[in-house]
Amino acid sequence: MLSTVLTKTVRDGWRTVAIAAVSLTVLLAIVMVSYQQYEVSFYYDLPEVFRSFVNIPDGTDVAGLSIGVFYGIPAAWTLAGLAIAMGSSSIAGEERAGTLGLLLGNPVSRSRVLAHKAGSMVLLSVVAVAALWIAAHGVAALLGVELGELRLAPYGVHLLANTLLYGALAMALGAWTGNRELASGASAAVLLIGFVAAGLFQLVDGLENLAKIFPWYYFDTATPMINGVNWGHASVLLGSSAALAALALVGVNRRDLKSQSTGVTLTDRLRTSRWTRKIVDKITSSTRASRIWIKTASEHQGLLIITTSLMFLMMGILMGPIYGIMDESLLSLSANIPEDMYALVGSVNGDISTPEGFYQFQTFGMIAPIATGAVAVVLGSQAVAAEEANRTIGLLLANPITRSRVLLEKTLAMGIYSLAVGIATCLGVWLGSLIGSLGMSLANIAATSLLATMVGLVFGALSLAIGAATGNTRIAASVTAGLAFAAYLTNSLGILNSTLAGLAKATPFHYYLTSDPLNNGIHWGHAATLVGAATVLIAAAVVLFNRRDLRQNA
């Protein structure tokens, strides 16, 4: 038996951190090689505000720019995501798995359990940041890249402080609510909103101070990779993490802990309304097979509410008025930035002086496929693997239903939720266009939102297939996330480097924005390709699930 909760938690989590570090190292090497073959000297002629945005210091080798670009967003998001997963699972995860009661049956207090969980998160985060620092120097030396004045150690301080904040936030939410999905979803929403808002508000006259509300402002605004550690900003992040940890301690000691995951489901809520009660009762009174997708949807209602609200309000409606009040000179300057630069953030329309280009850059380039993909991957990875981990798969299949029916019902819930996120995005952008008098085409907005939904479904189907093959939720989610990021990066680099253009066509992202649907409408060939890819993966999941011996315990 492991001697401490900290030791066990570190042992359980080190593999995920190691996989993330190795994956990021490999991807960094790919980016560096691509930059070496591509002429990016125009970066040095950009205004200082844009050079700082992508972490470009004086004296850096052309290929060394890849470190600033790559570690500025992808690495920070990855480590924050790992911390959120660890924080949300610290207490709420133990409750959902039904193991917290067993753990507290030992002579150990709630406070000590939480402290050990927090300590393991800090230790693994430190190891991850150190691994990225070593990887940057190692890959640069291997490829002969001059780092120039890049200051990776100060950046590592900010990266660690940023990572710990999101982990502490997830831990506090989980400690107070006992709901792992809510804790992870809300923390991810704060990360996403902060990333967009901290950069966007700084570009609007009179709204600069609003950017200081969001944690991302204190992570990257001071450009530590160029200017060194900003101890004021780092202190805000670390101080907030400590306050959230204290809040988590209060929450876990004051709340009645749950022995298993409970709560009010979507079905329960619909039963309370006289408008929907009869319909829900009719549906749920039929055979169990017809209720699998409803049950699955109910279990992830918090994720849906958070994601759709974010896309509808923040990334949809709010962007219209913001575009209308942005400084015209800034928009004009942005229109002169080389189109290749926008490829790094997923945009193929390099002119944000137009409403379509602005929405593509802010909403559809990265955020929309992340939103639809996150929902689809969560439902896909947990479709059957979570049933095995919770030891409920045997009870489910004891009913007169086939494995294929179970899997397809789970897939239906995944598709409905992904489509709901796409519809929320479409309506939000359309209303934002109306409020801001931007004159954007509703048909084109719908086409782009539909393609974003299809991209999400492809990766959701991939996680479904991996989960069906392995019975492991963590493997299904992490492998899919890694492949999705690699596909996104490959597609972006395919625009920058002609030698990778052919490889980019093998990624789902190539069939998303390449045809510029926000201006040109839907490309039915691209849509058919995405539908075909998702269909093949779902069919593979059915075959794999039918052929595998199922686990009856975690």
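Here the structure is a predicted model, which is why all the values come from computation and not from measurement. Basis for what follows: all heavy atoms, side chains included, without hydrogens, waters or symmetry-related copies.
- Panel note: side chain T372, backbone A452; a donor-acceptor pair is recorded below 3.5 Å.
- Judged by distance alone, with hydrogens and angles left aside, the side-chain atoms of S89 form no donor-acceptor pair with the main-chain N or O of M86 at under 3.5 Å.
- For the pairing with Y511, the side-chain contact (heavy atoms from CB on, under 4.5 Å) check across M454, H526, H523 returns one residue only, H526.
- Using modelled atom types, no side-chain atom of T363 and backbone atom of Q360 make a donor-acceptor pair closer than 3.5 Å.
- Remark: side-chain polar atoms of S90 are paired, donor with acceptor, to backbone N or O of G87 under 3.5 angstrom.
- Listed for the S404 side chain is no donor-acceptor partner under 3.5 Å among the backbone atoms of V542.
- Side chains of L537 and L464 form no contact here, defined as non-hydrogen atoms less than 4.5 Å apart.
- Taken to the nearest 0.5 Å, the CG atom of L408 stands 10.0 Å off from the CE atom of M414.
- Nearest approach of A80 to L191, heavy atoms of both residues: CB-CD2, 4.0 Å.
- S88 places no side-chain N or O within 3.5 Å of a backbone atom of S184 that could act as its donor or acceptor partner.
- Enclosure of atom CH2 in W176 by more than 12 non-hydrogen atoms of other residues, nucleotides or ligands within 6.0 angstrom is indicated.
- Formation of a donor-acceptor pair under 3.5 Å by the Y488 side chain with backbone atoms of M366 is not found in this model.
- With T448 contributing its side chain and L518 its backbone, the two residues share a donor-acceptor pair below 3.5 Å.
- Put simply, the side chain of Y166 never gets that close to the backbone of L82: no donor and acceptor are under 3.5 Å apart.
- Residues V122 and L164 are in side-chain contact: their nearest non-hydrogen atoms beyond the backbone lie under 4.5 Å apart.
- Side-chain N or O atoms of S120 include one that pairs as donor or acceptor with a backbone N or O of K117 at under 3.5 Å.
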